There are 2 protein chains.
Amino acid sequence: MSRPFADEPSFSSGSVTIHDVAQAAGVSVSTVSRILNGKPDVAKATRQRVQNVIERLGYTPHVSAQSLAARRSNQISLLFPLEHANLTQLELDFFVSAAEAAEAADYILNLITTPLDTTRLLNLYKSKQTDGVILMQVQMDDARAQILRAQGYPFVMIGHGQDSDGMSFVDMDFEATFALALQHLVDLGHRQVGFIARPYTMRQRNLGSAVRTLKGYLDACERLSLTPHYREPLLDPQEVYVAARELLREEPSMTAIIASNGAASVAVMRAVQETGRSVPADFSLVALATAKIANLTTPPLTAIHFPTDKMGYEAARILTSMLRDPARPLEQILIAPELIVRGTTQSPR
Amino acid sequence: MSRPFADEPSFSSGSVTIHDVAQAAGVSVSTVSRILNGKPDVAKATRQRVQNVIERLGYTPHVSAQSLAARRSNQISLLFPLEHANLTQLELDFFVSAAEAAEAADYILNLITTPLDTTRLLNLYKSKQTDGVILMQVQMDDARAQILRAQGYPFVMIGHGQDSDGMSFVDMDFEATFALALQHLVDLGHRQVGFIARPYTMRQRNLGSAVRTLKGYLDACERLSLTPHYREPLLDPQEVYVAARELLREEPSMTAIIASNGAASVAVMRAVQETGRSVPADFSLVALATAKIANLTTPPLTAIHFPTDKMGYEAARILTSMLRDPARPLEQILIAPELIVRGTTQSPR
DNA sequence: TTGAAAGCGTTACCAG
DNA sequence: CTGGTAACGCTTTCAA
């Protein structure tokens, strides 16, 4: 391994190692390592000298070697099982903001779409591929969450299940969401308010968001002494359209509907318009949607804002800070809903 | 390191290593490694025996150790600089499908949103963090692409620049796209067709998509002997609205507009409706949009389909197969446009 | 404040 | 077909 010029990058290996740096700076490998990791107990002068050499040689640590020795990967994984892909625009924003937060904490975000069984999930940790995961599509009784908690592996959920003791999560406060949406409509004078819920298949799979949105609606109805009317159609606009028509027939005096997402709202509008009524003059509509979606329709949707970017960001932030400091207390964040009145709600005639 | 039962997992280290497996199976580490990597030259019986031990001990290879020794990370990175975030829904679909393709080829996809300067980009490779990258937001004269090509680092672009020799990419065929869109409108009888292009700021930054879409429009106009009328407003709907109004005033006989994305189309519709005309009876509209978006508006948008999912998938597929077989020829995929006639185009009155 | 050396868990080459 | 043994590039005691 002898080279003609000891302070030039190694040409044999093709890439500069910590060894080359140490040699060129006339210090030991340990010292370089300390400097790399910002450890104290290094003479100012030495630090500076080594920094210069690092700069000059264009040295970059080998991440796998670091991970192997340091026993952590500096990676976190976002698990988004594509299996029952209910790919509304919603979920997509999560990724970017989670990646942002991860990078801000010096972590790299992996996106994993393959549905993982328990073994494969645990292997993610055992193989040291990832230091922690963000779970999406959380079920009320989520096996993944329970096993991770039992094993003491760090994770954060977007959404949450029944028993969340000892788990960190970020979720919408669906109870408050429906209380707010319904109150808005009731304040306007509506007394018969229907609901296009998440698909029945999702509730059947015990997905937290499906269970909680329906419960939120039912509870809010009860508190306001309204009679609930709901359907749980698939995401397909045509199915939603049919469901909305059923709802309108079932309760002809219905004057408003709440829809779980933007696409559904459009289908509902069509059904309403077909009965000769128009939105918002004769019929009101509240959706759960981001501003981006809400502004696409005509008229723009009055909506409960769904802060996907914030949720993704927070989840990654919580996870990375857990990893930095395991003693950190849990964080369970329920995001308060925010009603944005646009063009689809109004007092009934 | 001596343990009471040599064929039980090591409790001292906390995790099972290839050593434990070798010992428990009564073979050498090399043999286990061969089996792990599906190498030939292993006796059937030995292979089976070792597989069983692996199963029994619940062994999973340490990925960093593998990467270090094998000199590859089995990771690819999707670079999506969030800097000038033109976060239309468009880009978001890319991530999921790219992750899917990566996983299908046994790679992990990293999502990197921090804008990387040249040094940091190269460090990604030098640190062996990633085996290859997918570049998004490609400029006509993309410094990243040029340096990667010069260094011989594997990468694939979504989009492409001026000089793409020796580079693999996936992009829309914007020339054909506008030829198709304009031909459709001309066939219907339109002779004055405006265009809401990508933001001027994007073209100024020399982004391939901005440059090529505008050029596509201008070329198509020339071929069909139409007079071009266009604006390059920011993505903000209000800006688009203003631009559309200007266009309508500039050429009162205009009967159709092409818009770069779904959100823009909605703003255009408002501007049109304000002049007392309605879509599609008095005015036609063609957008570049995915079906998901196109179906949100009323009426649903006649559109050139923008196959984001396919583009992301192909990019990751090309990259991973390049990595597996460096001798593979380049792939430069120009996706042919597909016109989907929905509710916003019709013959002018 | 610094250095030496022992790992970290694999892969890959070379013998046999 | 199998085993021994150097790497791979870094972190982390432990001494000095």
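Numbered from 1 within each chain, the chains take letters A, B, ... in sequence-line order. Given the structure is predicted, the values throughout are model-derived calculations rather than measurements.
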Output field: ring centroids A:F80/A:F95 closer than 6.0 Å: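 Close enough - the centres of the two rings lie under 6.0 Å apart.
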Is any N or O donor-acceptor pair between the side chain of A:R71 and the base of C:dG7 shorter than 3.5 Å?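 Flag unset: no donor-acceptor pair detected.
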Please confirm whether any donor atom in the side chain of B:S30 sits under 3.5 Å from an acceptor in the base of D:dG4, or the reverse.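 Such a pair exists between side chain and base.
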[atom1] of [X] versus [atom2] of [N]: gap in Å, rounded?
X      : N      : atom1 : atom2 : result
B:R34  : C:dA15 : CZ    : C1'   : 12 Å
B:L36  : C:dG9  : CG    : P     : 14 Å
B:K44  : D:dT2  : NZ    : P     : 13 Å
B:Q48  : D:dT2  : CD    : P     : 13 Å
A:N74  : C:dC8  : CG    : C1'   : 15 Å
B:K128 : D:dG9  : NZ    : P     : 8 Å
A:H19  : C:dG3  : NE2   : P     : 12 Å
A:D41  : D:dC14 : CG    : P     : 16 Å

For [X], which contact category applies under a 4.0 Å heavy-atom criterion: base, sugar-phosphate, or nothing?
X      : result
B:T46  : sugar-phosphate
A:V27  : sugar-phosphate
B:S127 : nothing

Given [N], is OP1 or OP2 found less than 4.0 Å from the side-chain N or O atoms of [X]?
X     : N      : result
A:K39 : D:dT12 : yes
B:S33 : C:dT10 : no
A:Q66 : D:dT11 : yes
A:S28 : C:dA4  : no
A:T17 : D:dG9  : no

Could you check which of [options] has an atom nearest any side-chain atom of [X]?
X     : options               : answer
A:L68 : D:dT13, D:dT2, C:dC8  : C:dC8
B:A69 : C:dG9, C:dC13, D:dC10 : C:dG9
B:H62 : C:dG9, C:dT1, C:dG3   : C:dG9
B:A43 : C:dG9, D:dC10, D:dT2  : D:dT2

Would you say the side-chain atoms of B:T130 pair up with the backbone N or O of B:S77, donor to acceptor, closer than 3.5 Å?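 A pair under 3.5 Å: yes.
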Hey, are B:D106 and B:R324 close enough for a salt bridge, meaning a charged N less than 4.0 Å from a carboxylate O?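 Salt bridge flag = no for B:R324 with B:D106.
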Is the shortest distance from a Lys or Arg side-chain nitrogen in A:R149 or A:D142 to a carboxylate oxygen in the other one below 4.0 Å?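 Between A:D142 and A:R149 there is no salt bridge, as every charged N stays at least 4.0 Å from the carboxylate O atoms.
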Considering heavy-atom distances to DNA chain D, does B:R49 or A:Y59 have its closest nucleotide positioned more toward the 5' end?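 Nearer the 5' end of the strand: B:R49.
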Any B:L148 side-chain heavy atom under 4.5 Å of B:M167 side chain: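 A side-chain contact under 4.5 Å is absent here.
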Please find the pair of heavy atoms, one from A:I333 and one from A:E314, that lie closest to each other, and give the distance.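 Minimum heavy-atom separation between A:I333 and A:E314: CD1-OE1, 3.5 Å.
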Which residue, A:A65 or A:G26, contacts DNA chain C at a nucleotide closer to its 5' end, judged by nearest heavy atom?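 Residue closer to the 5' terminus by nearest nucleotide: A:G26.
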